[in-house]
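Some notes on the structure that comes next.
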Amino acid sequence: MTKIILNALARAAFPAAILIYLNLYSGLVSPFVLAAIGFVFLTLALLPTAIGVVKSLARRSFDVGASMLLTIYLLIYLNSLSIAAIFTLIIIAGDFFKDIILYKVRESLDKITVYLPHTGLIKGADGLVKEVDIESIKVGDIVVVKPGQRAPVDGTLLAQEATLDESVITGESKPMPVEKDAEVPAGAINAGDYFEMTAKRISANSTIAQIRKIAEEAEKQKTPIARFIDQYAKYTSLATAVLVVVLYAYTGDVFRALGLWIAMVPIVFAIIGPISVSIGINTAARLGILVKNSEVIEDLTKIKHLVFDKTGTLTVGQPKVRDIIVVDQKYSADALLALVAGLEKKSEHEIGKAIVEEAENRHLSLSAPSDVHVIKGGGLDAVNDGRRVLVGSRNFLTDSGVSAPADFLDQVAEREQRGETPVFVAVDGIFAGGIFVADALRPETPKAIRELKKQGYDLRILTGDERPVANFIASTLGLDNSNVEASLSPQGKIDKIEAIEKNGEHVAMVGDGINDAPALSAATVGIAMGVRGTDLATNAANIVLVQENFLKIPSIINHSKRIISVIKQDLVSATAIHVLAGGLSAFGVITLVQTALFHEASSIIVLLNTARLFRIKKEDWSLN
């Protein structure tokens, strides 16, 4: 901030010196020398603008700063050096205000990583703990985090439990308990007892570092509305130039013509879009919502349909085994579970993880499978313990020539009504039984669905689960069964999304970011949940909810609408003030200096309106 103030004072010194000279020593030098001094001094005062214009000319592009310089030089040529100096001071004041806003933008981005410690504690093989720079911490190091300290890098918890304040990532400063093997993000505060963790990523690749880098890249991109404003500014300048020539030809008054030019030149338009989008993206990033592409901000305002995966999206994503029903009495429940868990051991799907977790809780020995075939959206076909094992949906086993007995299917129907998902199992071509898994809804999901329904969105569930399970979830959320598409393969989800988009409608897909990557890519906007611990940059989604809070979905949609609304307000208000000032100047009602003040007033009004995006209301961001 000090640098901005000193820079403004240094620039203002040049036109101020001219005004002082004109008031105290006018007439000591010839008009030509005075004009030359004015040209040099005022160019130095507007040097950042002059450099920008030169660079734009080199790229053969239009820069509205050229209009500003042209105005100053015309005033000098017309021997109106004092007006040129005052106009320059007004411009510098406007630039100062703009620089403060831009500083706040950079500051909001810096806040993402400012809380990272510079050093961390690592435990050596000899058991001794030493303090090192975070850049020295390597993957696999044992990192010690004492009470009140921040984790220096991303890690995996070694202790049985810990309490973490992850507000640096999520924006929500509420200490939360975590269990062994949980992800500990860099910057998280240890709000409990001493714990140790294994370093998972180096500092430069931590979740928080990725968030900052992606946010920086996103704000450099231009939204369609920003590109429209650029064209609008270009053609407004051309139209104004024509009006200036016509006014001068009609009145012969160069100052009134110049006043029209000063009033109408669209200088502030160059910053309307970029600043609003930058503030919006950085605010979202600080609150655990990572926008990877600035165009998504505008796309979100056009969305009419939202489609959701079930597991890990509408639900917590941590299903548990509820029951094991054995049909083939050659196997015990544990034996059947061990066979299936052996196949699922490397699965990325949450149901597979639940089965493996149950087997580990029972301390079962798991054999490594061979000849493994993964059928997307269907199941697994592999050899385990010398036996051919099929694991998956009812349709998958039926297609493989295996049918379940009627009494088992009756139990399946009953359990599906309670929201349990059956996993069918066959061994050596004979139906062996099933494992029933259930997942709980996220506690905040019903409230978020109500909010989205209230806003008029078409909400649909696309899931690979059987229809009864999906219908159970839909009814719990107050959605009609007609809004459910069940038993879908990954390609089936894509087909459903593309069918909506063929009608010219925009669709947002919310999924887990891993299993739903193809569907996320197919949607107009892909929103990923459940990606903690993954490479955020390579994730298929356009938006990543780093904090797995379903209420963030209506929050980011409303935030995007607010950003676009602010941009439109800025455009309309600036245009209205320019036209008013142009009319008053053209009819000789106001002077050149007053015209310049009108113009800068429009810039300040625009920047003040844009600065409202810095405000974080807890009710808007689900922080209550």
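Predicted, not measured: the structure shown is a model, and the values here were computed from it.
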Ion pair check, [X] and [Y], cut-off under 4.0 Å:
X    : Y    : answer
K454 : E451 : yes
R362 : D334 : yes
E161 : K180 : no
K310 : D439 : no
E485 : K493 : no
R460 : D458 : yes
E414 : R418 : yes
K496 : E501 : no
E295 : R227 : yes

What are the two closest heavy atoms between [X] and [Y], and how far apart are they?
X    : Y    : result
G392 : L397 : N-CD1, 4.1 Å
L336 : G434 : CD2-N, 4.3 Å
L441 : I473 : CD2-CG2, 4.1 Å
F408 : V327 : CD1-CG2, 3.8 Å
G419 : A438 : O-CB, 4.1 Å
G511 : D309 : CA-CB, 4.2 Å

Is the [atom1] atom of [X] crowded by more than 12 outside heavy atoms at less than 6.0 Å?
X    : atom1 : answer
K561 : NZ    : yes
K330 : NZ    : no
D193 : CG    : no

Next on the checklist: For K353 and E344: C-alpha separation, side-chain torsions, deciding distance, then whether salt bridge (Lys or Arg N to Asp or Glu O under 4.0 Å) applies.
Outcome noted: CA-CA 7 Å; K353 291 178 182 178; E344 297 280 11; over 6 Å; no

Roughly how far, to the nearest 0.5 Å, is the [atom2] atom of [Y] from the [atom1] atom of [X]?
X    : Y    : atom1 : atom2 : value
M509 : L520 : CE    : CG    : 5.5 Å
L613 : N282 : CG    : CG    : 11.0 Å
S560 : I303 : OG    : CD1   : 10.0 Å
I527 : L306 : CD1   : CG    : 6.5 Å
F424 : R394 : CZ    : CZ    : 6.0 Å
K320 : I355 : NZ    : CD1   : 13.0 Å

4.5 Å side-chain heavy-atom contact, [X] and [Y]:
X    : Y    : value
I430 : V402 : no
T163 : M176 : no
M197 : T156 : no
F431 : P405 : yes
L339 : V425 : no
L545 : F550 : no
L290 : I543 : no
I189 : L164 : no

Item to check | Option passing side-chain contact (heavy atoms from CB on, under 4.5 Å) with F308 (candidates T445, L479, L462, L452) | outcome: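 Going through T445, L479, L462, L452 one by one, the side-chain contact (heavy atoms from CB on, under 4.5 Å) with F308 is satisfied by L452 alone.
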
Judged by atom type as modelled, is there a donor-acceptor pair below 3.5 Å linking the side chain of [X] to the main-chain atoms of [Y]?
X    : Y    : value
N190 : V145 : yes
N549 : L551 : yes
K292 : A541 : yes
T463 : D465 : yes
T524 : V507 : yes
D299 : V525 : no
R150 : A188 : no
N558 : S555 : no
N483 : L459 : yes

Item to check | Row check, F436 ring normal vs R415 NZ/CZ: under 6.0 Å, within 45° | outcome: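 The answer is yes, since R415 meets both limits relative to F436.
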
Could you tell me if [Y] and [X] have a donor-acceptor pair between their side chains, going purely by distance under 3.5 Å?
X    : Y    : value
N471 : E416 : no
D480 : S482 : yes
H373 : D371 : yes
D495 : Q491 : yes

Item to check | Step-by-step side chain to side chain contact (heavy atoms under 4.5 Å, CB included) determination, F396 to L380 | outcome: CA-CA 9 Å; F396 172 59; L380 294 170; 5.8 Å; no

Item to check | Worked check of side chain to side chain contact (heavy atoms under 4.5 Å, CB included) between K200 and V139 | outcome: CA-CA 5 Å; K200 189 175 181 179; V139 174; 5.9 Å; no

Next on the checklist: Please determine whether side chain to side chain contact (heavy atoms under 4.5 Å, CB included) holds for the pair V307 and V510, giving the CA-CA distance in whole Å, both sets of side-chain angles, and the decisive distance to 0.1 Å.
Outcome noted: CA-CA 6 Å; V307 298; V510 187; over 6 Å; no

Next on the checklist: As a quick check of understanding, evaluate side chain to side chain contact (heavy atoms under 4.5 Å, CB included) for E298 and I564, giving each step before the final call.
Outcome noted: CA-CA 7 Å; E298 193 165 345; I564 299 303; 4.1 Å; yes

